[in-house]
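A quick write-up on the structure given underneath.
Residue numbers start from 1 in every chain, and the chains themselves are labelled A, B, ... in the order their sequence lines are given, proteins ahead of strands. All of these numbers come straight from a predicted model, not from anything done at the bench.
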Amino acid sequence: MTPAELSQAVLSAVRAVVEAGELTVAVPEQVTVERPKNKDHGDYATNVALQLAKPAGRPPRQVAELLSARLQEFPGVAKVEIAGPGFLNITLDAASQGALARTVVEAGEAYGRNEALRGLRINLEFVSANPTGPIHIGGVRWAAVGDSLGRILRATGAEVTTEYYINDAGVQISKFGASLQAAANGRPVPEDGYVGAYIVDIAKQIVDGHPGVLDLPEAEQLEVFRSAGLTLMVDEIKRSMEEFGVHFDVWFSEKSLHDSGAVGQAIERLREQGHVFDRDGAIWLRTTDFGDDKDRVLVKADGDTTYFASDAAYYLSKRDRGNAVNVYMLGADHHGYVGRLKAIAACAGDDPELNIEVLIGQFVKMIRAGEEVRMSKRAGNIITIDDVVDWIGVDAARYSLARSSTDSTLTLDIDVLTSTSNENHVYYVQYAHSRMCSVARNAAQLGIDKGAAEDFRPELLDSPWENALLGKLGEFPQVVASAAELREPHRVARYLEQLAGEYHRFYDNCRILPRGDEEATDLTRARLWLADATRTVIVNGLGLLGVSAPERM
RNA sequence: GCGCUCGUAGCUCAACGGAUAGAGCAUUUGACUACGGAUCAAAAGGUUGCAGGUUCGAAUCCUGCCGAGCGCACCA
């Protein structure tokens, strides 16, 4: 029996009690059942009696009594106990619990997927770092988290578009081009320009690819360096992302918004909505109507449009392309944008609470040799995505960045992640998978097969370790669903660590394959079903994180 | 000054208002003549920054302090 099925059983018990007139209360939409932390509290627990007590005007334990009587009658339910203030602690019989292994194996890669967000079109924009240099560590965090979130939302039925916004229109790109030009000519980098080995490299590539460029007039030279540099840098970022296992469906050019006239049209559309006004020779959007702390300029007095105007046009583009939910993943240094982004949606006549979601990622600190590795573009010692991958590999990098909530600042110790293995939690999970593959190889060599589904004897999986592992397997769909709903991929990683732990303990206490000249038994086969089910969930879960599940390590 | 985010074991981090706040690392002690020891078992480690409040129940929600990070442009 899966937790979802048990939840339905509890719900029907509530319904039965109400229909019998034993309780006067509105039947809830759904009830939660969860694995209690304490094993003495049964296989599953529900707090539904506590929640119904107040509306029903009855003591919680009395409500629990009524529900308990009904629940006892359900097939597969072995025992129901009332505990504490009114929790219902439910114990399943071993066969009912063990059947989960077959459910999981038969569902295969579909296990954990659901349709909760079917039909919802979600746009995920993340990283979007200026193409004036390599992706640094803050962007890498979003690459790992954002890509994983995309996978999780897709597994929940949503239609997801992942998107990278290229800031290719502003003065930063001009400075970038000027820096390249200076480097190519052996001149000092202009004031607040870009420095670093990568600038020299790119400048050289441009000179090699454009013979005679240095003979052109200054202005023409600059244009070559600007546009060729942009192309090279964006290609470089794309390559880094793909190597990191992160694919963007759309690379959206800010410049294209200007070239197509979309920025001007956006301003007109906002004006029609009545939130645009002129003051001091500039054109403004009255974002204070919707909670922003000050109004924002769309067109400056000198006629240039602002970055904010591009933001507005970009948001409208996302909406025009059919995205109902638009998720922005920003670094903590951009949290001040939340108000104005939401105000854009409101000014456009949308619902800012529904159509825009902003996730803020706190900073990532990296430590090596006990000291923080400071990133500074000026000093040229930035930590880039390629550095991180070189040091610890894609799997460890993605996993370490995705296993924590983006709400918390993260400190990664390079020495720990490179040298020891035990603080690389990803290995703990991957090792569990490798062990299962090893068992499967050994079984094949011995000519042992888990057998047909109808011969599977789930009731044999009755030890505490098997019970714990089965219970954990049952939680997976709910973990995926809440990770999607809360936009928190780290829940999947934490779950996998718990699952791997249950597997390791099961492996230690429950011999799967026969030893020596023993014969394979029904128990052997039942445990192979369980191991296969676990492997399925680990593969599916790691897949949601974009992390590999190696068969050997 | 105003605003946003965050204060949890020595360290790095978990915990959708639920029962005795959990993992890993580090420390101490055990387990391979058995499927991979990158494992397992056990000990020790906490006034969840502080003080109030809300309720059957608070690390979680509210208020006020304290501390940390980051923002408050006709910059991008």
Pairs under 3.5 angstrom, nitrogen or oxygen only, protein versus nucleotides 14-22 of chain B, please.
from	atom 1	to	atom 2	distance (Å)
B:A14	OP1	A:S405	N	2.6
B:A14	OP1	A:S408	OG	2.8
B:A15	OP1	A:H490	NE2	2.7
B:C16	OP1	A:R491	NH1	2.8
B:C16	OP2	A:R491	NH2	3.4
B:C16	N4	A:Q478	NE2	3.0
B:G18	N7	A:N47	ND2	2.9
B:A19	OP2	A:K37	NZ	2.9
B:A19	N6	A:N89	OD1	2.9
B:A19	N1	A:N89	OD1	3.1
B:A19	N1	A:N89	ND2	3.3
B:U20	O4	A:N38	ND2	3.0

Once you apply a heavy-atom cut-off of 4.0 Å, does A:I360 come out as touching a base, just sugar-phosphate, or nothing? nothing
For A:G170 and A:R511, find the nucleotide of RNA chain B closest to each by heavy atoms; which residue's nucleotide sits nearer the 5' end? A:R511
Can you see whether A:F176 has A:R226 sitting over its ring - NZ or CZ less than 6.0 Å from the centre and within 45° of the normal? no
Can you tell me how far P in B:G7 sits from the matching atom in B:C61, rounded to whole Å? 10 Å
Side-chain donor/acceptor pairs under 3.5 Å, residues 523-530 of chain A, sequence neighbours excluded:
from	atom 1	to	atom 2	distance (Å)
A:T524	OG1	A:T521	N	3.0
A:T524	OG1	A:T521	OG1	3.2
A:R525	NH2	A:D522	OD1	3.1
A:R527	NE	A:E466	OE2	2.6
A:R527	NH1	A:R511	O	2.8
A:R527	NH2	A:E466	OE2	3.2
A:W529	NE1	A:K450	O	3.1

When all nucleic acid strands are considered with a 4.0 Å heavy-atom cut-off, which category describes A:I173: base, sugar-phosphate, or nothing? nothing
Evaluate A:Q430 against A:D395 for side chain to side chain donor-acceptor pair (under 3.5 Å), listing each step before the verdict. CA-CA 10 Å; A:Q430 288 181 323; A:D395 282 347; 3.0 Å; yes
Can you sort out the partners of A:V299 under side chain to side chain contact (heavy atoms under 4.5 Å, CB included), two or more places apart, ordered by chain and number? A:I267, A:I283, A:T305
Protein-nucleic acid N or O pairs under 3.5 Å, nucleotides 68-74 of chain B:
from	atom 1	to	atom 2	distance (Å)
B:C70	O2'	A:A332	O	3.2
B:C70	O2	A:H335	NE2	3.2
B:C72	O3'	A:K294	NZ	2.9
B:C72	O2'	A:K294	NZ	3.0
B:A73	O5'	A:K294	NZ	3.4
B:C74	O2	A:A301	N	2.7
B:C74	N4	A:D280	O	2.9

What is the nucleic acid contact for A:C510, judged by heavy atoms within less than 4.0 Å: base, sugar-phosphate only, or nothing? base
What's A:E497 touching, base or sugar-phosphate or nothing? Going by heavy atoms closer than 4.0 Å. nothing
From CE of A:M553 across to C1' of B:G37 the rounded distance in Å is 13 Å
Across all chains, not counting sequence neighbours, the side-chain hydrogen bond (donor to acceptor under 3.5 Å, both in side chains) partners of A:D295 are A:T288
Residues in side chain to side chain contact (heavy atoms under 4.5 Å, CB included) with A:Q445, at least two apart? A:N442
For A:Y503, is the NZ or CZ atom of A:R435 found under 6.0 angstrom from the centre of its six-membered ring and inside 45 degrees of the ring axis? no
Can A:Y431 be called stacked on B:U39 when the rule is centres closer than 5.5 Å and an angle between planes below 30°? no
Can you name the salt bridge (Lys or Arg N to Asp or Glu O under 4.0 Å) partners of A:E371, sequence neighbours left out? none
Inter-nucleotide P distance (B:U12, B:C2), Å rounded: 31 Å
Rounded to the nearest Å, what distance is computed from the NZ atom of residue A:K365 to the P atom of nucleotide B:C6? 18 Å
Between C1' on B:G36 and CG on A:L513, what's the gap in Å once rounded to a whole number? 13 Å
Distance, C1' atom - from B:A44 to B:A26, rounded to whole angstrom: 12 Å
What's the verdict on side-chain contact (heavy atoms from CB on, under 4.5 Å) for A:H425 and A:Y399, showing C-alpha distance, side-chain angles and the deciding distance? CA-CA 8 Å; A:H425 302 272; A:Y399 193 89; 3.8 Å; yes
Examine B:C25: is either OP1 or OP2 under 4.0 Å from a nitrogen or oxygen in the side chain of A:N424? Give yes or no. no
Go through the structure and list residues passing salt bridge (Lys or Arg N to Asp or Glu O under 4.0 Å) with A:E254, not counting sequence neighbours. none
A:L499 has an atom CG; how far is it from atom P of B:A23, in whole Å? 15 Å
Rounding to the closest angstrom, what is the interatomic distance between B:A68 and B:U29 at atom P? 40 Å
For A:E551, answer base if it contacts any base atom (sugar-phosphate contacts may also be present), sugar-phosphate if it contacts only those atoms, and nothing otherwise; contact means non-hydrogen atoms under 4.0 Å. base
Applying a 3.5 angstrom cut-off to the pairing atoms, does RNA chain B sit in any stems of at least three consecutive Watson-Crick or G-U pairs? List them by first number. B:1-7 with B:66-72, B:10-13 with B:22-25, B:27-31 with B:39-43, B:49-53 with B:61-65
Whole-angstrom distance between B:G36 and B:C40, as gauged at atom P: 16 Å
Whole-Å gap separating P (B:C4) and CG (A:L359): 18 Å
Using whole Å, what does the distance between atom P of nucleotide B:U39 and atom NE2 of A:H425 come to? 11 Å
Just to verify, what does A:D449 make a salt bridge (Lys or Arg N to Asp or Glu O under 4.0 Å) with, not counting sequence neighbours? none
Hey, do the aromatic rings of A:Y164 and A:F252 have their centres closer than 6.0 Å? no
Is it true that A:D192 and A:K175 make a salt bridge, defined as a side-chain N closer than 4.0 Å to a carboxylate O? yes
Applying salt bridge (Lys or Arg N to Asp or Glu O under 4.0 Å), name anything that partners A:R141, two or more places apart in sequence or on another chain. none
For the pair A:D508 and A:R505, find out whether any cationic side-chain nitrogen is under 4.0 Å from an anionic carboxylate oxygen. no
Spacing of A:D415 atom CG relative to B:C11 atom P, expressed in whole Å: 18 Å
Validation row: A:V276, A:W284 side chains within 4.5 angstrom (heavy atoms): no
Under 3.5 Å, N/O pairs linking protein and nucleotides 40-44 of chain B:
from	atom 1	to	atom 2	distance (Å)
B:C40	OP1	A:Y428	OH	2.4
B:C40	O2'	A:D508	OD2	3.1

Using the C1' atom as the reference point in each nucleotide, state the distance between B:G10 and B:G52 in Å, no decimals. 31 Å
Taking the same atom, C1', in B:G17 and in B:C56, what whole-Å distance lies between them? 12 Å
P spacing across the pair B:C65 / B:C72, given as an integer number of angstrom: 24 Å
Output the rounded distance in Å from CG (A:L417) to C1' (B:C11). 14 Å
